Protein chains: 2
Amino acid sequence: MITIKEIAQRLNMSTTTVSNVIHGKAGEVSEETRRRVEEFLKEVDYVPNINARNLAQNESKIIGLALKARVDKYENLIMDPFVAELIGGIEETIRNAGYFMMLYISRDTEKIMRHVSTWNVDGLILFGMLDDDGIRVSTKYKKPIVCLDTYSMEGLKHFTNVGLDDEQGAYEMVKYIISCGHQRIAFLSDNTKGVDLARLNGYKRALKEAGIEYSEKDFLKIRPASAEIEESLDEICHRALDYTAIMCVSDLYAVTLMSALTDRGIRVPEGISIAGFDDNMLGSLYRPALTTVHQDVKQKGVVAAETLLKKIRGEETEAQITLPTRLVIRDTVTKPRKSSFMGRF
Amino acid sequence: MITIKEIAQRLNMSTTTVSNVIHGKAGEVSEETRRRVEEFLKEVDYVPNINARNLAQNESKIIGLALKARVDKYENLIMDPFVAELIGGIEETIRNAGYFMMLYISRDTEKIMRHVSTWNVDGLILFGMLDDDGIRVSTKYKKPIVCLDTYSMEGLKHFTNVGLDDEQGAYEMVKYIISCGHQRIAFLSDNTKGVDLARLNGYKRALKEAGIEYSEKDFLKIRPASAEIEESLDEICHRALDYTAIMCVSDLYAVTLMSALTDRGIRVPEGISIAGFDDNMLGSLYRPALTTVHQDVKQKGVVAAETLLKKIRGEETEAQITLPTRLVIRDTVTKPRKSSFMGRF
DNA sequence: TTGTACGCGTTATCAA
DNA sequence: TTGATAACGCGTACAA
């Protein structure tokens with residue numbers, strides 16, 4: 001690890017000159033010395049010490065990606081294909097802009113904020129925040145923040161949220177399901193907050209518009225904890241028989257449900273129609289291929305990172321960026337079974 | 001961002017005392033002052049500046065995770081469920097040990113090494129390295145390195161490789177397939193290097209042991225680039241009719257193949273048996289559920305991180321750690337179809 | 001038990 | 001065009 005000081009010594013010049021060459025301050029240095037220094041830099045393969053640089057400049061070139069893990073969901077958040085794709089988009093964008101990504105996963109907002117302060121990160125991307133987390137964060141951290149899929153940041157000024165038109169996406173899918181002739185349509189999710197709530201609302205709007213009444217029992221709650229999921233699926237498959245279609249809040253749940261139904265001898269889509277949301281590998285590789293609502297997750301990551309970089313440069317950004325969805329019609333939603341035919345298939 | 005200096009001023013003491021309290025050097029400081037300082041630290045929510053600390057100590061508390069992306073495979077490496085799970089295991093282990101993870105993805109080994117030097121990372125975990133990459137790395141970087149699934153690091157001293165008994169896993173699966181009565185068994189992969197080669201060798205060993213001859217054409221090469229995959233699958237499905245079972249190098253390919261076969265009216269396992277390797281979500285959620293070789297990917301990440309931490313502490317570690325595999329028998333491998341029955345199903 | 005002073009590698013200011 | 005020197009925040013040897 002050669003330092004500027006050493007280089008200056010060996011070349012018989014001052015550190016300032018070397019530093020000037022490194023930073024291409026052309027006006028400040030003669031052509032001759034510039035050449036000499038540059039050659040030497042190549043030769044010894046000089047790499048700047050970023051700690052020293054950051055200390056001197058009070059910046060870090062680090063962008064923090066903090067994932068707030070949910071206690072009940074995945075034991076390993078990153079295994080969610082959604083999260084994985086998101087990270088890919090973010091990392092690529094950050095890297096191309098000359099920044100670096102530091103990943104931090106925690107259930108504890110406090111810990112996340114300590115981490116962020118410690119590293120003096122230049123900007124922060126948050127995923128999985130709910131309710132008052134945002135407020136807690138904004139009092140501690142004064143640099144730019146971009147949130148992903150967060151529905152509770154309205155009042156907060158220097159935040160931007162990058163989200164999806166979840167409500168509209170679900171609305172359009174359920175409208176399509178209804179147009180296929182379905183009247184008894186359930187909604188499957190594991191909670192009714194944030195993104196899930198928005199999708200639920202879209203579902204309700206489509207029902208209402210078609211004059212179909214919604215009641216509490218049309219909400220099928222899945223318990224994702226691995227210990228409970230089988231029991232949970234048992235109950236859901238049983239209740240599913242009262243419906244001809246189920247709108248699932250995610251592709252993962254749609255595929256999980258289809259497998260469970262298949263195991264119990266109920267065929268999709270002949271026995272029941274299933275729709276997903278997200279459009280990931282899980283649904284496109286399954287057979288029958290899943291009818292779902294598409295969102296471009298990588299793009300979401302890219303937009304989030306780009307917006308954050310803008311903020312860091314001091315440019316103005318919108319407070320809310322909403323990406324569109326698109327219906328992907330494949331094979332799991334068809335005409336409903338004859339309504340007299342209520343047994344197993 | 002309050003500094004030690006400020007704290008010392010406000011408390012009318014020296015920075016050394018404050019620093020001593022922070023580092024719990026109990027013997028060096030009176031109970032009274034310790035209490036006073038600690039209270040004040042809480043009050044102002046002191047967070048150390050890690051750049052200054054690292055600069056002073058010449059360490060970074062950063063562990064680099066460098067993924068060498070392959071040009072032809074995923075446009076977004078992290079979308080590989082394998083990679084995602086791996087990262088989860090690594091991040092968790094590193095975080096619990098008080099280190100931080102910096103993720104860097106590149107196709108260019110040089111770039112990876114520059115990045116690593118810049119940040120002065122205390123240790124490095126490498127994934128996706130092939131052939132001479134290891135040598136290039138070891139000349140540049142003198143701190144501890146752990147490789148994952150790398151088959152070409154034999155000679156290199158301060159490396160440890162964490163791998164899997166790929167050969168044995170494939171061997172056992174193919175042996176099982178043969179025990180079900182199959183004689184015509186193909187192998188599907190996209191290359192014959194590293195991990196893929198080891199699995200191919202296991203397949204060959206099982207064939208040989210059973211007195212089944214292997215010929216070049218039994219290797220079905222899939223081309224994963226999205227533009228070519230359909231064409232590729234067309235050819236593979238056609239050639240698949242010559243076999244009663246196909247050993248796939250990964251769950252992803254197994255599921256991809258099953259979908260393609262289903263689309264062409266060939267049923268699994270009635271028409272053809274399929275086996276995978278990895279045991280991830282893709283295979284367990286598919287119906288029929290995939291018979292596959294299990295590996296604990298998260299554990300692999302944990303072991304890699306733990307080994308690296310050991311190396312950083314100066315402890316001895318083995319040069320090669322090989323994790324075991326386990327057969328997961330589900331529904332996609334059964335008795336072969338009658339051999340006269342060669343058409344579509 | 002506490003304080004002074006210096007070094008870590010870099011950038012920035014200002015003088016030569 | 002170049003060079004001395006201070007500053008960034010922290011840790012630590014050594015002095016008091």
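Note that this is a predicted model, so its numbers are computed, not measured. Sequence lines set the chain letters: A, B, ... in the order given, protein chains first and strands last, and positions in each chain run from 1.
- Residue order along DNA chain C, read from the 5' end via each residue's closest nucleotide, puts B/Thr17 first among B/Thr17 and B/Leu55.
- If you take NZ of A/Lys5 and P of D/dA7, they are 17 Å apart, rounded to a whole angstrom.
- Of the residues listed (A/Glu59, A/Lys61, A/Lys143), the one engaging A/Asn120 in a side chain to side chain donor-acceptor pair (under 3.5 Å) is A/Lys143, and it is the only one.
- A salt bridge does not link A/Glu110 with A/Arg114: none of the charged nitrogens is closer than 4.0 Å to a carboxylate oxygen.
- Counting to the nearest Å, the C1' atom of D/dC10 and the CD atom of B/Glu59 are 12 Å from each other.
- Proximity note for B/Ser30 (side chain, C-beta onward) versus C/dT2, C/dG9, D/dC10: the nearest is C/dT2.
- Each of B/Asn58 and B/Asn12 has a nearest nucleotide on DNA chain C; the 5'-most of these lies closest to B/Asn12.
- Look at CD1 on B/Ile2: it is 15 Å from C1' on D/dC10, rounded to the nearest Å.
- Nearest to the side chain of A/Ala52, among C/dT2, C/dT10, D/dG9, sits C/dT10.
- In this structure the side chain of B/Val146 never reaches within 4.5 angstrom of the side chain of B/Asn161, judged on heavy atoms.
- A salt bridge between A/Arg36 and A/Glu32 is absent, with no side-chain N of the basic residue lying under 4.0 Å from a carboxylate O of the acidic one.
- Pairs passing the ring pair (Phe, Tyr, Trp, His ring centres under 6.0 Å) check and including a residue from residues 83-102 of chain B, sequence neighbours excluded, read A/His115-B/Phe100, A/Trp119-B/Phe100.
- One can place CD1 of A/Ile22 at 7 Å from P of C/dT10, the figure rounded to the nearest angstrom.
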Tabulated below should be each protein N or O lying under 3.5 Å from an N or O of nucleotides 12-16 of chain D; please produce it.
from   : atom 1 : to      : atom 2 : distance (Å)
D/dT12 : OP1    : B/Gln57 : OE1    : 3.3
D/dT12 : O4     : B/Thr16 : OG1    : 3.4

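- Between A/Asn120 atom CG and D/dC10 atom P the separation is 11 Å, expressed in whole Å.
- Between the CZ atom of B/Arg36 and the P atom of C/dT2 there is a distance of 9 Å, given to the nearest Å.
- Salt bridge annotation for B/Glu31-B/Arg35: absent, with no cationic side-chain nitrogen under 4.0 angstrom from a carboxylate oxygen.
- Atom CG of A/Asn51 is separated from atom C1' of D/dG11 by 14 Å (rounded to the nearest Å).
- With sequence neighbours excluded, the residues satisfying side chain to side chain contact (heavy atoms under 4.5 Å, CB included) with B/Glu315 are B/Lys310, B/Arg313.
- Minimum atom distance to the side chain of A/Ser14 is reached by D/dG3, of the listed C/dT10, D/dG11, D/dG3.
- One finds no side-chain N or O of A/Arg53 lying less than 4.0 angstrom from the OP1 or OP2 phosphate oxygen of C/dG9.
- Taking atom OH of A/Tyr46 as the reference point, atom P of C/dG9 lies 10 Å away to the nearest angstrom.
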